[in-house]
Structures are given as structure tokens and as C-alpha cells.
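A short worksheet on the structure shown next.
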Amino acid sequence: MASTSLLNASLSSLSPNHDLIRRHPSSPLLRYRPVLVSCTSSAEGKNTTTPIETVAKPRRTENTIRDDARLQRSTAANPFSARYVPFNAPPGSTEHYSLDEIVYRSRSGGLLDVEHDMEALKRFDGAYWRDLFDSRVGKSSWPYGSGVWSKKEWVLPEIDDDDIVSAFEGNSNLFWAERFGKKFLGMNDLWVKHCGISHTGSFKDLGMTVLVSQVNRLRKMKRPVVGVGCASTGDTSAALSAYCASAGIPSIVFLPANKISMAQLVQPIANGAFVLSIDTDFDGCMKLIREITAELPIYLANSLNSLRLEGQKTAAIEILQQFDWQVPDWVIVPGGNLGNIYAFYKGFKMCQELGLVDRIPRMVCAQAANANPLYLHYKSGWKDFKPMTASTTFASAIQIGDPVSIDRAVYALKKCDGIVEEATEEELMDAMAQADSTGMFICPHTGVALTALFKLRNRGVIAPTDRTVVVSTAHGLKFTQSKIDYHSKAIPDMECRFSNPPVEVKADFGAVMDVLKSYLGSQTLRS
Ligand SMILES: Cc1ncc(COP(=O)(O)O)c(C=O)c1O
Ligand SMILES: N[C@@H](CCOP(=O)(O)O)C(=O)O
């Protein structure tokens, strides 16, 4: 007999809604000090030298890994740089800003992008970059033990290692979804990139390490940054508050009241952020934080700030790396404020432009049907974009109706021959339950992405043997209430076809035997 009460009892009073040291030549400073001088050049004049192991010096016990990094620092000038430029600027545009300026918008009010000196990066060939990035995986050297900072030259090349605030984020698991792919989709090459198995439980850590590191640098430069603020559906605020707390920087978070999960709410509270619970939705909070950061010395941490995307793009590079630099056919990403889909595109595109791979994957952006402005825009043939008021969705972190990165998302999807899909509440919850039943424990947003996969497989757009990666954006443990509701069959108008409620049984040998025999019998019959 199903026991809703068992599942809900302990949580009912709480839930606000349903919910390094091997010294390694991994520093580019180390690499271009001796290596550039002595390197051999290829036909195109590129450095083809691959990273060389240096002998590990015994570690002085009083040194921290930061001290070790300082000792390894080269005196040679850093050849790499980056700056802000208007996003998708017209040819001939000369507008640009130093990354040390506090600027979120171009002169015309448009989005910004971080532009790297690609000519400097191109002085090294694809094999060089592949080998360099590969040489840094799994190390504890500061800061390269981080999956983000292992790509530092492509992220924030000019920051001093001492200013970096990192939890050694990234290097997340790329899970071969063998049983899920075979059982539900007839696929043999399906993968889930678990970006949510991370310091604060979502992919936001990848961007936040970059943003908070730059803030740390700005504060040391005595720039007027008293605190860092964001609007959030729960994950950005968790990441911001953790990285700020780690660096001793005040954080301020604007949360839509009663619209985020309890696990997400408690994260900034525990990390000492100044938490404002505001009686509006995410879009209302976003509007407020933009107005407030224009008035007060609070640095904006949402993905409107293009620095964030520099960290997030490393997840795309990591996927290629984990496939030994083979390019998957499809990458499916759940979308809300729409920074991440562009970040993935940018990561893949840089790998192609710098010769690490020869093509980029097609991408799919998946939205909840209750918050689907991008989907509607796509369906209209990219005609007029209309922001909307998003309705409640179990995929609460993407309950966003007026995404700030709409232009970035459309650009990325057009460039990669991308597709936009949507998922109803029932579809996303069923997909989440199906994935969980094969050993995963995913969040509802990943359920949205899996629904998109189901639909594209059913329509024959994605073939059974296509190598496909579904990006899982948050840890399922942040969204347990939605799973409790589902498995309790406590969701109005939802069949909850894959629910698996606990069975209540008396503490009696015979009674336990009876239910077990019945269970085992049903298993035998099914196999
Ligand atoms: C768990 C989760 N998945 C997906 C997204 C969507 O990412 P983006 O806003 O970059 O589209 C977000 C945040 O919006 C999120 O928190
Ligand atoms: N899901 C996000 C929404 C805000 O997105 P951002 O990437 O612009 O910060 C959250 O967790 O707050």
C-alpha cells in the first residue's frame, strides 16, 4: 500500500513549495618562459611543442599550494589577454572595455561579450592546447586543479593566481547512461554531463569562480565594490554566496518568495549572505537587482555579466576532453535565463577555431512549457521575441519569462543549427523518474532536457547511434520535494506513471514474507 504520509511526514512542516602535489608545468607562465624560446615551429609557424613533465620538487611543508604557485611564477610577460566588446558587434566596431572596468552593457544598451586575443592563442596549435589541458586534469596544483582554471588562458588570462577564488570546481562526471539509453530510447551512446555534482550543486560554480575571482582582484585594486549581488531562482545565489564567503566578500541575494526549493534557500543563509525574499517572480527580482547595482557599489553576478559565461564555457571544453577530443553529435541543455546555451556554444567554437576539434555539435535548448519564451520564438521562425510571465513549474530554476541572454541564445542556436524543445510538467517529471529508475538522481531541469531527447528520438531527428550528451545542470538532492510529491502521487492531474511509493507492512515475519514473495514474483514475471 502506498504511503504518502510516510514520505511527507518529516518534510511537510519545512517545504515552502513543491517544489596538486606534483609540481607540473601546467602554468602557462612556466610553459611560455622556457618552452617558447626553445620551441620548434611547424610549417605555419605555430608552436607544436607539447607539455613537458618537470621533476617534482619536494614540497616545503610550511608552504600552501598558493605559495607553491607563487614560486613557480614566471617573470616573462603574459602573451594572452581578453577584453569586453559589444556582443555580436558590427564589423568595424572599436568599442571595448578592460575586464577591470565595471560594465555590464555596451554603449547602445546591448549585451557584452568577453573577446580573447585569438591571434595570441593561435600561436599555439590544437595539439598544444589539448596536451596542456589534459596534463592538468586530476592535479592539485593551484589553480589548475579546477576544471575551470585548468583552461585559465582561455578564461581570464590576466588574473594573478593569488586573486583566484576556487573550490576546484569542474571536472564533473560524464556519465554513460547505458541502461537509460537502451531501455527507454534504444540508444547506445547516450551520456549525461553531471554539472550539478559540484561544490554548491549546480553548474553555476563554473561561472561564479571566475566572477568572484575578478571581484577579488577589483577589491584589491581598490575599485568601488562593497558587495556582490544577484537575482536568483536558487542556484546562482547558492554559488555566489559560497564563493563570496570563501573570499570574505559580502554577498546580497534577491530571491522570489516561495518559488525556490528549501535546499536552495538554505544555501545562501548558511553561507552568510544578505538574503532578501521578495514578493515577485525571478524576472521581477532581476529587474530590481539591475536597478540597484546601477545605484549602489554592488557588483552584478547574474549571467548578464559576461564574465560568468567564461567559466561556464569550460563545461563544453571538458566534454570534448572527456571524449578524447572527439565531437559528440548532440548536446542538450535546459534553458532559463539563457546564458548557458551560449556559454556551451562559445566553448565548442573556441575549440574549433583553435584547432582542437574540426567541428561543433548541434545543440538543443530545452525549456519547460510553463516558461517557454525561447521555444515560442523558435517556433515563430525567430520572428518577434515576446517576453512572458512564466507559470509555476517543477523545474523552478528555469521559471523565467524574460531571459536576459535571449540574443546570445538565438545567436548560438542559429550558428550550430540548433533546435528548441519544450516539456510539459508531466513529461519532465516522468522523464526525471525514468532516469532515476536507472540509477541517476537528477533534477527536474534535467528532466526537461531528457524530454527534449525523447521527442527528438521519436521524431527520428536524433538517431539511435548518435553520440548525445544531456547536460544535467543541478543536483537532484536540491529538488527532493518534487520527487516526494511525484512518488506519493500527490500531484493534481498527474498520473505519476513511474512512481515507486514505499509499502507499509506490519513488523511481522509472515506479513514481510508475503509482500516480498509478491514483489519477487512480479520481478520474475517481468524478466
Ligand atoms: C538548475 C538549472 N538548470 C538550468 C538553468 C538554465 O540556465 P540558463 O539560465 O543559463 O539558461 C538554470 C538557471 O537558470 C538552473 O539553475
Ligand atoms: N537559474 C538561475 C537564474 C539566474 O540565472 P543567471 O545565470 O543569469 O544567474 C539561478 O539559479 O538563479
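Every number for a ligand or one of its atoms is a count from 1 in the order of the listing. Please read these numbers as outputs of a predicted model, since none were measured by experiment.
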Worksheet item: Do Glu95 and Arg83 meet the salt-bridge criterion of a basic N to acidic O distance under 4.0 Å?
Response: no

Worksheet item: What are the atoms of ligand 1, with element, lying closer than 4.0 Å to any heavy atom of Thr473?
Response: 1 (C), 2 (C), 3 (N), 4 (C)

Fill in: Pro334 to ligand 1, any heavy atom closer than 4.0 Å
yes

Worksheet item: What residues sit with at least one heavy atom under 4.0 Å from ligand 2?
Response: Lys204, Ser232, Thr233, Gly234, Asp235, Thr236, Phe282, Asn302, Ser303, Arg308, Asn337, Ala397, Ile400

Worksheet item: Are the aromatic rings of Phe385 and Tyr378 close, with centres under 6.0 Å apart?
Response: no

Worksheet item: Any non-hydrogen atom of Gly335 lying under 4.0 Å from ligand 1?
Response: yes

Worksheet item: Any idea which atoms of ligand 1 are less than 4.0 Å away from a heavy-atom of Lys204?
Response: 12 (C), 13 (C), 14 (O), 16 (O)

Worksheet entry | Check: Tyr411 ring centre within less than 6.0 Å of Phe87 ring centre | yes

Discussion item. Centroid separation under 6.0 Å, is that true for the rings of Trp191 and Phe323?
Written reply: yes

Worksheet item: Which residue holds the protein heavy atom closest to atom 14 (O) of ligand 1, what is that atom called, and what is the gap in Å?
Response: Ala397 O, 3.4 Å

Discussion item. Does the residue Lys478 have a heavy-atom contact with ligand 1, meaning some pair of atoms that are separated by less than 4.0 Å?
Written reply: no

Discussion item. For atom 10 (O) of ligand 1, what is the closest protein heavy atom, and at what distance to 0.1 Å?
Written reply: Asn340 N, 2.8 Å

Discussion item. I'd like to know whether the aromatic ring centres of Trp149 and Phe133 sit less than 6.0 Å apart in this structure.
Written reply: no

Discussion item. Please report whether ligand 1 has a polar contact with Cys443, defined as an N or O pair separated by less than 3.5 Å (distance criterion only).
Written reply: no

Discussion item. Starting from atom 7 (O) of ligand 1, what is the nearest protein heavy atom, named by residue and atom, and what distance separates them?
Written reply: Phe203 CZ, 3.5 Å

Worksheet item: What's the verdict on salt bridge (Lys or Arg N to Asp or Glu O under 4.0 Å) for Asp281 and Lys259, showing C-alpha distance, side-chain angles and the deciding distance?
Response: CA-CA 8 Å; Asp281 58 8; Lys259 289 188 174 63; over 6 Å; no

Practice prompt. Would you indicate whether the side-chain heavy atoms of Leu111 and Ser106 approach each other to under 4.5 Å?
Written response: no

Worksheet item: Are more than 12 heavy atoms from other residues, nucleotides or ligands located less than 6.0 Å from atom NZ of Lys220?
Response: yes

Item to complete: Report, as yes or no, whether the 6.0 Å neighbourhood of atom CG on Asn458 holds more than 12 heavy atoms from other residues, nucleotides or ligands.
Response: yes

Worksheet item: Near Asn337, which atoms of ligand 1 are under 4.0 Å from a heavy atom of that residue?
Response: 8 (P), 9 (O), 11 (O)

Practice prompt. Report yes if the distance between the aromatic ring centroids of Trp382 and His377 is under 6.0 Å, otherwise no.
Written response: yes

Discussion item. Tell me whether Thr233 has any N or O atom under 3.5 angstrom from an N or O of ligand 1.
Written reply: no

Response to the item:
A student checking ligand 1 against Asp235 at a 4.0 Å heavy-atom cut-off should list atoms 1 (C), 2 (C), 15 (C), 16 (O)

Worksheet entry | cation_pi(Lys415, Tyr342) dist<6.0 Å, angle<=45 | no

Discussion item. I want to know if ligand 1 touches Gln312 in the polar sense, i.e. an N/O pair below 3.5 angstrom.
Written reply: no

Discussion item. Please list, in number order, the atoms of ligand 1 under 4.0 Å from a heavy atom of Gly339.
Written reply: 8 (P), 10 (O), 11 (O)

Practice prompt. Taking only heavy atoms of Ala474 into account, list the atoms of ligand 1 that are under 4.0 Å away from them.
Written response: 1 (C)

Worksheet item: Any idea how Phe498 and Phe184 line up, ring-wise: parallel (<30°), tilted (30 to 60°), or perpendicular (>60°)?
Response: perpendicular

Worksheet item: Would you say ligand 1 has an N or O under 3.5 Å from any N or O of Ile398?
Response: no

Worksheet item: According to the ring-ring contact (aromatic ring centres under 6.0 Å, His included) rule, which pairs have a member within residues 267-289, sequence neighbours left out?
Response: none

Discussion item. Given Ile260, Leu338, Ile341, identify the one with the heavy atom nearest to atom 8 (P) of ligand 1.
Written reply: Leu338

Worksheet item: Looking at Phe479 versus His445, is the centre-to-centre ring distance below 6.0 Å?
Response: yes

